[in-house]
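As C-alpha cells, the structure follows; a few thoughts come after it.
Values reported hereafter were calculated over all heavy atoms of this structure, with side chains retained and with hydrogens, waters and symmetry mates removed. Just so you know, these numbers come straight off a predicted model, no measurement behind them. Convention: sequence-line order gives letters A, B, ...; per-chain numbering from 1.
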There are 2 protein chains.
Amino acid sequence: MEREENTVFSIDYKSRIPLYQQIVDNVEKLTLRGILLPEQQLPSVRALAMELSINPNTIAKAYAELEARGLIYSLPGRGSFVSGDQADLRNAAREQLREQMHSLRKEAQSMGFSDPELDELWQSCREEAKA
Amino acid sequence: MEREENTVFSIDYKSRIPLYQQIVDNVEKLTLRGILLPEQQLPSVRALAMELSINPNTIAKAYAELEARGLIYSLPGRGSFVSGDQADLRNAAREQLREQMHSLRKEAQSMGFSDPELDELWQSCREEAKA
DNA sequence: CATAGTGTACTATGCTTACTAATACAGCTA
DNA sequence: TAGCTGTATTAGTAAGCATAGTACACTATG
C-alpha cells in the first residue's frame, strides 16, 4: 500500500504554456534550487506520464530538451538522471539570463530610452517583485 | 516623374517575425524616436501594401493593433494618423518595459538568484549593449 | 452627383509550425 | 523471459500567418 506522491511538479493543464515546457521549467528550477540533486534519478517517462495524466511522448520531449541543455542525461534502459555539476548548471542559467537582459536593453535603446532611465526602471521593479 | 520613397519601414521578408508585427514595431519605434510626429498621416493601407509588396489585410492588421495600443488613430474615409500626445506614448512604452523587467526578475528569483546577483548581471549588460 | 481614395469587415484558402497522441522499436536488468 | 527503461516514427489536431477576393461605408475632389 504505497502512496507514490512524486508530485513535486506543478502543471497547469489550462495554461497556454506547452505541457512539455512546463516540465522543463519545473526540472530546471528544482535543480537550480537544489531540490533535485546531482545524479538523482528522475521519474521514468511513463511513470511521470501516468502521474500527470499526459502522454509519455510529452515527457520524453521535455527530457530530450533538458538533455540538450545539459541539465540531465539519459541512459536507454536505465533511466534519466540529473547532471553532475550544479555549479555549471547555475552558470548556464546565468548566461541565459544575461542574454535576456541584453535583448531587453537593446530593444529599449532602440525605442530611445537612456541607460539611467532604464536603471531607474530596473530598480523600481526590485521591491515590486517580492510578491 | 515622382519617386515615392516612403520607405522608412525596414521589413525582412525572410524573418520568422510576422510581417504585421514588423510593421507594428517599425511604427512604434519611429513614433517614440520622434521620426513620426503626432498628427502626422501614415501611408494608406493600400499604398503601403503596394510599396512593400504585401497584402493590404496585413497592413490593416498592423494598423488595428497600433490603434488598439493607442499609438495611432484611424478615421474611415480619411486615413490613419499618429496619436497626439507623444509623452503618453512614451509612458505607455515605459510601463510595458516595466512589465517585462518585472517578469524577468520574478523568473530569476524562482531560479534562486538573489537581488544583488541580478543587479550585477544587469550592470554587466550596460556596456555590452552599446553595439 | 460621380469618382476615387480612405478604413473596415467578412469569408475562404493555403501554408507552416507547434503540440500531442498512438504505435513500434531497442536496450538494460533482475 | 519479463518488465522496466529511453527512443524513433508516424499521424492527427489546432493555431497562427499571409493571401485573395469581395463588399460596405465614409470622405474629399471635381
Side-chain angles (χ1 to χ4, degrees), chain A residues 2 4 6 9 11-28 31 36 39-84, chain B residues 2 4 6 9-27 31 36 39-84:
Chain A
E2 295 185 40
E4 289 290 351
N6 221 335
F9 296 86
I11 301 298
D12 179 10
Y13 301 90
K14 298 163 297 192
S15 169
R16 307 168 208 174
I17 300 176
L19 296 176
Y20 84 94
Q21 188 64 51
Q22 295 187 46
I23 306 288
V24 170
D25 294 342
N26 267 274
V27 174
E28 182 179 18
T31 52
L36 289 178
E39 306 303 338
Q40 182 174 349
Q41 181 165 10
L42 294 167
S44 81
V45 164
R46 290 173 182 80
L48 187 53
M50 283 282 293
E51 183 183 328
L52 301 178
S53 301
I54 59 186
N55 194 280
N57 286 330
T58 304
I59 309 292
K61 183 172 184 177
Y63 281 11
E65 181 165 330
L66 285 165
E67 186 169 19
R69 285 209 216 159
L71 283 94
I72 71 174
Y73 63 94
S74 296
L75 302 178
R78 296 276 334 255
S80 300
F81 307 85
V82 178
S83 288
Chain B
E2 294 186 38
E4 289 290 352
N6 220 334
F9 296 87
S10 57
I11 301 298
D12 180 9
Y13 301 91
K14 298 164 296 191
S15 169
R16 303 170 207 175
I17 301 176
L19 296 177
Y20 85 93
Q21 187 64 52
Q22 294 187 47
I23 306 287
V24 170
D25 293 343
N26 267 274
V27 175
T31 52
L36 289 178
E39 305 304 337
Q40 182 173 350
Q41 182 165 9
L42 294 167
S44 79
V45 164
R46 291 173 182 80
L48 187 53
M50 283 282 293
E51 183 184 328
L52 300 178
S53 301
I54 60 186
N55 193 281
N57 287 332
T58 305
I59 309 292
K61 183 174 182 176
Y63 281 11
E65 180 165 331
L66 284 165
E67 186 169 19
R69 284 208 216 160
L71 282 95
I72 72 174
Y73 63 93
S74 296
L75 302 178
R78 294 274 336 253
S80 299
F81 307 85
V82 178
S83 289

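Here the C1' atom of nucleotide D:dC17 and the CD atom of B:Gln22 are 12 Å apart, to the nearest Å. Atoms CG (B:Leu48) and C1' (C:dT6) sit 14 Å apart, rounded to a whole Å. Rounded to whole angstrom, the span from the CZ atom of A:Arg16 across to the P atom of D:dG16 amounts to 10 Å. When rounded to the nearest whole Å, the span between CG of A:Asp12 and P of C:dC19 equals 16 Å. For the pair A:Ile59 CD1 and C:dA22 P, the computed distance is 14 Å after rounding to whole Å. As a whole-Å value, the separation of A:Phe81 CZ from C:dC28 P is 13 Å. Atom CD1 of B:Ile23 and atom P of D:dT19 are 10 Å apart (whole Å).
Side chain of A:Tyr20, nearest nucleotide from C:dT20, D:dT7, D:dC17: C:dT20. If you check D:dT19, C:dA22, D:dT7 against the side chain of B:Asn55, the one that comes closest is D:dT19. Closest to the A:Thr58 side chain, of the nucleotides C:dT20, D:dG6, D:dT19, is C:dT20. The side chain of A:Lys61 approaches C:dC19 more closely than any other nucleotide in the set C:dG7, C:dC19, D:dT19. Comparing C:dA21, D:dA18, C:dT29 against the side chain of A:Arg78 picks out C:dT29 as the nearest. When the nucleotides C:dT8, D:dA20, C:dT20 are ranked by their closest atom to the side chain of A:Leu19, C:dT20 comes out on top. For A:Ile54, the listed nucleotide lying nearest its side chain is C:dA21; candidates were C:dA21, D:dT7, C:dG7. Taking only side-chain atoms of A:Asn57, from C-beta outward, the nucleotide of C:dT20, D:dG6, C:dA21 with the closest atom is C:dA21.
At least one donor-acceptor pair closer than 3.5 Å links the side chain of A:Glu67 to the backbone N or O of A:Ser74. Under a 3.5 Å cut-off, the side chain of B:Ser83 and the backbone N or O of B:Gly70 do form a donor-acceptor pair. Remark: the backbone N or O of B:Asn57 is not paired with any side-chain donor or acceptor of B:Tyr20 at under 3.5 angstrom.
For A:Tyr63 and B:Gly77, each mapped to the nucleotide of DNA chain D holding its nearest heavy atom, the one lying further toward the 5' end belongs to A:Tyr63. Nearest-nucleotide mapping onto DNA chain C: of A:Pro76 and A:Arg46, the residue sitting toward the 5' end is A:Arg46.
Contact between the side-chain N/O atoms of A:Ser74 and the OP1/OP2 oxygens of D:dG6 is not found at any separation under 4.0 Å. A close approach under 4.0 Å does occur between a side-chain nitrogen or oxygen of B:Ser44 and OP1 or OP2 of C:dT6.
Contact record, B:Gln22 with B:Asp12: OE1-N, 2.8 Å, taken as the closest heavy-atom pair. Looking at every heavy atom in both residues, A:Phe81 comes nearest to A:Glu39 through CD2-O, 3.8 Å.
Among the atoms of the strands shown, only primed sugar atoms or phosphate atoms (P, OP1, OP2) are found under 4.0 Å from some heavy atom of A:Glu67. No engagement by B:Gln41 is indicated, since no non-hydrogen atom pair under 4.0 Å with the nucleic acid exists.
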